[in-house]
Amino acid sequence: MCGIVGIIGNSQVAPLIVDALKRLEYRGYDSAGVATLSEGQLDRLRAEGKLINLEKRLAEKPLKGTIGIGHTRWATHGIPNEPNAHPHFSDGVAIVHNGIIENFGELRDELKADGYSFASQTDTEVVAHLVARELKAGKAPREAAHAALKRLQGAFALAIMFQGDEDLIVAARSGPPLAVGHGDGEMFLGSDAIALAPFTNAITYLEDGDWVVIRRSGIEIFDMEGQAVERQKQQSVGTTLLVDKGNHRHFMEKEIHEQPEVTGQTLAHYLDFANGGYKELDSAIDFKNIDRLYISACGTAYLAGQIAKYWFERYARLPVDSDVASEFRYREMPLDKRSAALFVSQSGETADTLASLRYCKGAGLAIGSIVNVRESTIARESDGIYPTLAGPEIGVASTKAFTCQLSIFASLVVRAALERGTVSAEEGAQLVRSLSEVPRLIKEALKLEGEIAELGRELSEVNHVLYLGRDTSYPLAMEGALKLKEISYIHAEGYAAGELKHGPIALIDKQMPVVVIAPFDKIYEKTASNMQEVAARGGRIILITDEKGAAHTSLDGIKTIIMPNMSEFVTPIVYALPIQMLAYHTAVAMGTDVDQPRNLAKSVTVE
Ligand code: F6R
C-alpha cells in the first residue's frame, strides 16, 4: 500500500528519499514520486512503475533541496500513471497521501465550484486544493493544514510541504500508520520505522487523529481539536534488522527456507518442551473463563484462524467464530459477554482487522492479537499480544508469518485445553511433543523442493487449478489456492473435498489439475473417494500425503508428494510447505514478479 517519506535535512534529500522509498517497496506500489523545496521553489518528479524509473528521471534532472517528501502509490482512485502519482501540487502546496478520502467527491464539487481545476483523478488532490484555499484565505501554513484536515473523512496518512517555508512539514494520521524519526538537527517521516532505519531509530509513532508540525529543531503534536498531545519517543527494535535476500533469488524463497528456524523460535517462546507444558507468559485471554472466542483477520492470516478454529474446538472444546475481518465488523452479530477476541495480522496495520478490533474493544471484550510487527497499531491497541518471532516478512505472499501464526495458535490451544481440563496432562504433553517436532519436519519437507519445482513447471502451463482438503487441510487448500493465484496469476480455488460434488466437479476435465491435501488420517478414505471422482472425469491429480496415504491410493498416473510421517495435530503447519513451494516454483517458471506481484500490497491500510 502507499508509502510516505519526508525529510527535513541538511544535505540534498532527493536521493535519501528514494532510498527510504526503496525500503517501503515491499508494501506494494505502482508509481512513485518525490518533491523538494529549494530557494523558494517547489519541484517534483514522478514516474509510473518501479522506483528505477523515478531514479532514471532523477539522474537526468536532479532535484535540489534539503527538504522533501516522497511517495510510492498503490492506486485506489485513478489508474497508475504519472498524473495520478504523488506528490500533488496546488498553489505552493505539495502533498503525499496514503489511504482514501471518502468524502472526496463532495469536496471536489465544492472546490470546482470555487474555481479549482483538477490535474488528476485522485482523491488526494482535493486535500492539496483545500490547504491552498485556506492559505489563500490568509491562514498560516499549520493553521491552513489543520483547517483542511478537519474537513476530511476516511482513512489517511498525509505529509504536506509549503513553498516559502523550508523548515516545515505538516503530517497527519487518521488510520494508516506514520512514524516520525528524530535525527540530530534533522527530522524524518515515514510510513514505518523500516523506512527510517538508515537515518535513526529514535521514533515517535503518531496515534489516530494526531497531526504533527515537524521542524529541524523538533516536533509538536496536536489532536484534531488543536490541543497539544504528548507521544513517547521510543527506540525502534525493527530498525536494526537488515532486510536482504541473502543467497536467495527472492525474499519469498528466503522466507520459505527460514521456517524451520522461525517456527522453532516461536514455539519455544510459548511452550515448555522440557516439561511438556506451556510457559506461564501473560495472556490477554483467560481461556478458562470464556465460552466463546472470536478470531478475525484477512487473507492468509484469516486462513490461519480457520485452522485454529478446528484446533480450539477439538482439543479445548472452545467454540470459535472465525471471520474475515471485513465481514465481521459489519455483520452486527450479538457478541457473547463471556468471550474474548483474537486478531491475527502479520503487518499489524490491516485496516479491516484493526476496525474489527476496535469494534470488539467497544463491546468490552478482552483483546489479544497475534502480530509480527510489535510496534504496529493492532499490537498497540490490544490488551495483550502474542508476537510471532518470524522476523521481517518482505515477500508480499505470506509464508513464514503463516506458519508462525499457526505455531502460536497451536501453543494457545495446548494452553487452553490444559487450563479448561479438556485434555489430561499426559495428552497435553503429547501435543507439545508433536509440536517440538515441527522444525525438523519442516526441514524434511524442504527436501521435497526439487520434485515440487518440477510440478511447478507443469502447473505454469495451465489456466486453472483446484485445491481440495478436509478438516484442517480444507483451510490449507484455500491457502494453497490463494498463494498460487496471488503470485502466478493462475486462477485457483480451494474447496472442502466433500463439497466437490456440489458444484466444482463440473469444472473437472483433462486440463484441470487438482491438488489434494490428504495426510493419512481418520478421514483419508473420504478424501480418497473424492479423488476417485476427479480421476473418473479425467482430472489431473497432485496428491500431497504421507507414505500410508500414498500406499492406500489405488489410482494410477497421479503425482504424489510424500511428506514425512507426523502427528495429525501438526499437519497444517508442515503441509503449508509443499503448497508454498508449489506456488513459488510455478510463479518462478512463469517469470512473474514473485516478491511484488501485480496489484497487491503487503500492508493493506484501506478498507
Ligand atoms: C497472502 C497475504 C495476504 C495477507 C493479508 C493480511 O499471501 O499475504 O492475504 O495475509 O493481506 O495481512 P496482515 O497479516 O498483514 O494483516
Side-chain angles (χ1 to χ4, degrees), residues 1 24 26-28 74 175-177 191-192 194 238 250-253 255-256 259 295-308 322-329 342-357 369-382 385-388 390-406 408-409 467 475-490 492 494 576-577 579-584 586-587 592-607:
M1 210 114 289
L24 291 175
Y26 75 95
R27 294 163 68 94
W74 185 83
S191 290
D192 63 31
I194 293 182
H250 299 102
F251 280 110
M252 184 177 175
E253 185 185 47
E255 289 159 6
I256 287 174
Q259 290 177 102
I295 302 177
S296 12
C298 301
T300 290
Y302 158 71
L303 294 169
Q306 285 289 95
I307 290 169
S322 164
D323 279 84
V324 167
S326 55
E327 290 300 316
F328 179 80
R329 59 181 294 200
L342 192 46
F343 300 88
V344 194
S345 177
Q346 188 284 129
S347 63
E349 301 295 349
T350 300
D352 286 313
T353 309
L354 180 59
S356 297
L357 182 157
S369 60
I370 297 179
V371 286
N372 199 34
V373 182
R374 290 186 197 214
E375 295 157 353
S376 60
T377 313
I378 288 175
R380 282 183 284 133
E381 295 198 12
S382 299
I385 63 167
Y386 305 101
T388 43
E393 189 179 67
I394 303 298
V396 160
S398 189
T399 52
K400 61 176 180 168
F402 177 66
T403 47
C404 286
Q405 286 158 358
L406 289 177
I408 293 182
F409 270 131
Y467 286 72
L476 202 57
M478 292 196 279
E479 170 62 3
L482 175 63
K483 221 70 318 156
L484 186 73
K485 68 184 131 193
E486 68 179 325
I487 58 170
S488 74
Y489 318 142
I490 293 174
L577 271 288
I579 62 159
Q580 293 169 352
M581 291 190 283
L582 189 58
Y584 173 74
T586 307
T592 58
D593 189 346
V594 172
D595 284 333
Q596 290 169 30
R598 70 183 182 203
N599 306 339
L600 286 172
K602 185 71 181 160
S603 181
V604 183
T605 50
V606 295
E607 277 189 48

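Note that ligands are numbered from 1 as they come in the structure, with each ligand's atoms numbered from 1 the same way.
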For this session: Return the minimal non-hydrogen interatomic distance between G305 and S322, and the atom names on each side.
Result: C-OG, 3.6 Å

For this session: With F328 as reference, evaluate D323, T353, D352 under the side-chain contact (heavy atoms from CB on, under 4.5 Å) test and give the passing residue.
Result: D323

Exercise. Among side-chain atoms of E393 and S398, is any donor-acceptor pair under 3.5 angstrom?
Worked result: yes

Exercise. Under a strict 4.0 Å criterion on non-hydrogen atoms, which protein residues are in contact with ligand 1?
Worked result: C298, G299, T300, A301, S345, Q346, S347, T350, V396, A397, S398, K483, E486

Exercise. When you check the side-chain N and O atoms of N372 and T388, is any donor under 3.5 Å from an acceptor?
Worked result: yes

Exercise. How many angstroms lie between NZ in K483 and OG1 in T399, if you round to the nearest 0.5 Å?
Worked result: 7.0 Å

For this session: Name all residues meeting the salt bridge (Lys or Arg N to Asp or Glu O under 4.0 Å) criterion together with E349; count only those two or more places apart in sequence or in a different chain, and write none if there are none.
Result: none

